[in-house]
Amino acid sequence: EKAYDQNLKYYDHYKMFFQNSTTLNNSVTISGNKDKMSFLLSASNNQSNSVFKGNGDYARSNLLSKLSFELAKGLTLTSTTQLVYTKNTLNDQTGRGIFYSLNNTRPFANYDQKDLDGNYGAYFGGAVGVNSYNPNYVNQYSSTLIPSVDVIQNLNLNYKLNRFVELDAKYGLNFNNTNTTYRYEKQQLNQNATYNQYWISNYNPNAAGDGSTTGEIDNYNERTTFQNFIASATVRTDFEKDFKLKIPIKTSTQISYDYRKNVYKRFASYGYSAPNYYPWNASQAGVYKVFSDYVEPFITYGFLVNQRFEYSDIAGLSVGVRSDFSSAFGSGQNAQTFPRGDAYVNLDRFRFWQSSNVSKVITGVKLRAAYGEAGIQPGAFQRFPVLGAANLGTNSVFTFPTSSPNPALQVEISKEREVGLDLSFNILKGEWLRGATLSATYWKRSTDNAIYRVDAAPSTGLGTVVN
């Protein structure tokens, strides 16, 4: 229980690196309507800093507009636009690296100490902890900047032709552009890092023992453009109201067409061996390389038909099927069909239940069951060979992939079966605990044609085969 006052001073590393984190939220919304139009405008901003000292901040701004117009009787056009800007400067995104260092550091290391040049030390030796390092050193010589822009546009055209038929068309565009920059400054003049041969980098081999080749800038640009178009026709009928039949049946028939296109682009480069001055950029690095220039297109489209029947509030049944095509070409390319169905019955709506004494306690009993299938399409290039490109000296060469594609690859299919029971109870007659509900579900899911990379025989010269 006594304070430690021996030769080695005790340092609370949690207290040294943790700080109070502040989150600030601001938002304003304006909405209104007039005649045959309505609008909503909203702007919001969120700012927060890391719980670790010097680790960076996170900010997000959001602008939303929603406009709705009644173009004609039963015809409505709705436009929703969302702009999102995110700025992320967190050096350690999760904080796990800082935690790892602090938990592997003995409490007599003063990580806030600087040398005569005003620099933090990187590594304090094995006595402090073989897996320890100074987070202050990392924050002094590195920085992260990740700005991201999202543009989301949705258009919805809905036409209620009459009380039976409803036509609906939706188009959505989601564009994302993210630029990620990791900087590692030149560390040659840090005496502790040079002595311990401890320098931080991603791709830099730091070949020179004196730290003269340290310093690195990594740039990643990722751009995703996703488009989705859905056209639906729904026909609803009520036998009692529409056909004057004394049969309490309601039906709903849905036919839809779904088209999706996604284009992903990635460009990445690095430069290392920084010059002996500051500021500097990647064009002034001693070594510069583009190591990724990748484009992945993908298109899928399909049809959905679904039919639902409901008999009053006693029971209901629906069956449907979806058939999809995709741009993952190959001999295994065929339309894939996925059936689905569900049913329910409310036992408490039958006379035998309502006339029994148990209905006074158990007021609701619902039995339900469902079955469905869904699929995962093969990747964009998993059904046909793709040659890689590389540099060999001053020449360009092609390379074979270490994982061989499979032209006969089928869609990965998941099947799920489910049964359930919902109960409602009367408990007390007062204001408190008047009722309760209990739900139980049993489900089983299985996967067929699961896509894996299977090890190939060494004599084939391949690493794996997609199967």
query: Okay, side chain of Asn177, backbone of Asp150: is any donor-acceptor separation there less than 3.5 Å?
result: no

query: side chain to side chain donor-acceptor pair (under 3.5 Å) between Asn219 and Thr181: does it pass, once the steps are laid out?
result: CA-CA 5 Å; Asn219 288 310; Thr181 301; 3.1 Å; yes

- prompt: Rounded to the nearest 0.5 Å, how far does CZ of Arg163 lie from CZ of Arg236?
  reply: 13.5 Å

query: Do Gln153 and Ser79 have a side chain donor and acceptor closer than 3.5 Å?
result: yes

query: Which heavy atom of Gly435 sits nearest a heavy atom of Ile427, and at what distance?
result: C-CD1, 4.1 Å

- prompt: So, does Gln410 use its side chain to make a donor-acceptor pair with the main chain of Ala408 at under 3.5 Å?
  reply: yes

Contact check, side chains of Tyr184 and Tyr141, non-hydrogen atoms, under 4.5 Å: no

message: We want to know whether Thr363 and Asn426 form a side-chain donor-acceptor pair, criterion being a heavy-atom distance below 3.5 angstrom.
response: no

- line: Between Pro405 and Pro407, the two heavy atoms sitting closest are O-CD, 4.0 Å

task: Answer yes if the side chains of Gln19 and Ser21 hold a donor-acceptor pair under 3.5 Å, and no otherwise.
output: no

- request: Report the C-alpha distance between Ile413 and Gln336 in whole Å, list the side-chain angles of each, state the deciding distance to 0.1 Å, and finish with yes or no for side-chain contact (heavy atoms from CB on, under 4.5 Å).
  value: CA-CA 9 Å; Ile413 300 177; Gln336 185 65 52; 3.3 Å; yes

- prompt: For the residue pair Ser359 and Trp353, what are the closest heavy atoms and their distance?
  reply: CB-O, 3.1 Å

Pair Tyr259 + Phe229: ring centers closer than 6.0 Å: no

query: Just checking, is any N or O donor in the side chain of Asn306 or Arg340 under 3.5 Å from an acceptor N or O on the other one?
result: yes

- prompt: Which value, rounded to the nearest 0.5 Å, describes the distance between Lys53 atom NZ and Asn139 atom CG?
  reply: 12.0 Å

- prompt: Do any N or O atoms from the side chain of Glu310 and from the backbone of Gly316 form a donor-acceptor pair under 3.5 angstrom?
  reply: no

Lys444 and Glu416 ion-paired at < 4.0 Å: no

message: Please check: side-chain N/O of Lys265 versus main-chain N/O of Glu222, any donor-acceptor pairing under 3.5 Å?
response: no

- line: Only residue of Phe291, Tyr182, Tyr288, Tyr272 satisfying ring-ring contact (aromatic ring centres under 6.0 Å, His included) with Tyr203 is Phe291

query: Do the ring planes of Phe381 and Tyr294 sit parallel (below 30°), tilted (30 to 60°) or perpendicular (above 60°)?
result: perpendicular

query: Does Leu367 reach the side chain of Leu421, with side-chain heavy atoms less than 4.5 Å apart?
result: yes

message: For Phe352, I'd like to know if atom CZ has over 12 heavy atoms of other residues, nucleotides or ligands within 6.0 Å.
response: yes

message: Any non-hydrogen side-chain atom of Thr23 less than 4.5 Å from a side-chain atom of Asn46?
response: yes

- line: Nearest heavy-atom contact between Asn202 and Glu216 is N-OE1, 3.0 Å

- prompt: Say you draw a straight line from CG of Asp57 to CG of Leu90; how long is it, rounded to the nearest 0.5 Å?
  reply: 7.0 Å

message: Whether the Asn55 and Asp92 side chains hold a donor-acceptor pair (N or O, under 3.5 Å, no angle test) is what I'd like checked.
response: no

- prompt: Say you draw a straight line from OG of Ser65 to CD1 of Ile30; how long is it, rounded to the nearest 0.5 Å?
  reply: 12.0 Å

message: Pair Gln227, Asn174 - check side chain to side chain donor-acceptor pair (under 3.5 Å), show working.
response: CA-CA 7 Å; Gln227 299 178 75; Asn174 189 341; over 6 Å; no

task: For Asn103 and Tyr14, run side-chain contact (heavy atoms from CB on, under 4.5 Å): C-alpha distance rounded to whole Å, both residues' side-chain angles, the deciding distance at 0.1 Å, then the answer.
output: CA-CA 9 Å; Asn103 291 336; Tyr14 282 176; 2.6 Å; yes

query: Is there a donor-acceptor pair closer than 3.5 Å between any side-chain N or O of Glu412 and the backbone N or O of Gln377?
result: no

message: Any non-hydrogen side-chain atom of Lys66 less than 4.5 Å from a side-chain atom of Thr78?
response: yes

query: Side chain of Gln354, backbone of Arg351: donor and acceptor closer than 3.5 Å?
result: no

message: Between Thr441 and Arg368, do the side chains contain a donor N or O and an acceptor N or O under 3.5 Å apart?
response: yes

Close side-chain approach of Gln82 to Leu63, heavy-atom, < 4.5 Å: no

- prompt: Asn221 versus Thr178: any side-chain heavy-atom pair under 4.5 Å?
  reply: no

field: Inter-residue atom distance Arg183.CZ - Ser142.OG, 0.5 Å rounding
entry: 11.0 Å

Side-chain donor-acceptor contact under 3.5 Å, Asn45 with Ser61: yes

- prompt: Where the side chain of Thr29 meets the backbone of Ser42, is there a donor-acceptor pair that is under 3.5 Å apart?
  reply: no

field: Step-by-step side-chain contact (heavy atoms from CB on, under 4.5 Å) determination, Lys366 to Ser439
entry: CA-CA 9 Å; Lys366 181 178 182 179; Ser439 296; over 6 Å; no

- prompt: Tell me, do Leu173 and Val151 make a side-chain contact under 4.5 Å, heavy atoms counted?
  reply: no

message: Pairing donors with acceptors under 3.5 angstrom, does anything connect the side chains of Asn228 and Asp258?
response: yes

message: If you compare all heavy atoms of Ala456 against all heavy atoms of Val465, which two are closest, and at what distance to 0.1 Å?
response: CB-CG2, 3.9 Å

message: With a 4.5 Å cut-off on side-chain heavy atoms, are Val365 and Leu423 touching?
response: yes

Side-chain donor-acceptor contact under 3.5 Å, Asp242 with Thr237: no

message: Is it the case that the side chains of Thr86 and Ser148 hold a donor-acceptor pair, with the cut-off being a distance below 3.5 Å and no angle test?
response: no

query: With distance as the sole criterion, is a donor-acceptor pair present between the side chains of Thr105 and Tyr111 under 3.5 Å?
result: yes

query: For Ser252, does its backbone N or O pair with a side-chain atom of Gln307 as donor and acceptor, under 3.5 Å?
result: yes

query: At what distance, to the nearest 0.5 angstrom, does OG1 of Thr76 lie from CG of Asn158?
result: 6.0 Å

field: Short side-chain to backbone donor-acceptor contact, Ser101 and Ile98, under 3.5 Å
entry: no

- request: Before giving the answer on side-chain contact (heavy atoms from CB on, under 4.5 Å), spell out for Val466 and Leu409 the whole-Å C-alpha distance, their side-chain angles and the decisive distance to 0.1 Å.
  value: CA-CA 8 Å; Val466 181; Leu409 202 63; 3.5 Å; yes

- prompt: Is the closest side-chain donor-acceptor distance between Arg266 and Ser292 under 3.5 Å?
  reply: yes

message: For Phe99 together with Phe52, are the ring centres under 6.0 Å from each other?
response: yes

- prompt: For Ser232 and Asp168, does a side-chain donor sit closer than 3.5 Å to a side-chain acceptor?
  reply: no

- request: Indicate the atoms forming the closest heavy-atom contact of Asn20 with Asn49, along with that distance.
  value: O-ND2, 3.7 Å

- request: Take Asn91 and Thr144, measure what side chain to side chain donor-acceptor pair (under 3.5 Å) needs, and give me the verdict at the end.
  value: CA-CA 5 Å; Asn91 249 359; Thr144 299; 2.9 Å; yes

Side-chain donor-acceptor pair present, Thr464, Ser403, cut-off under 3.5 Å: yes

- request: Please check if the side chain of Asn162 supplies one atom and the backbone of Val165 the other of a donor-acceptor pair under 3.5 Å.
  value: yes

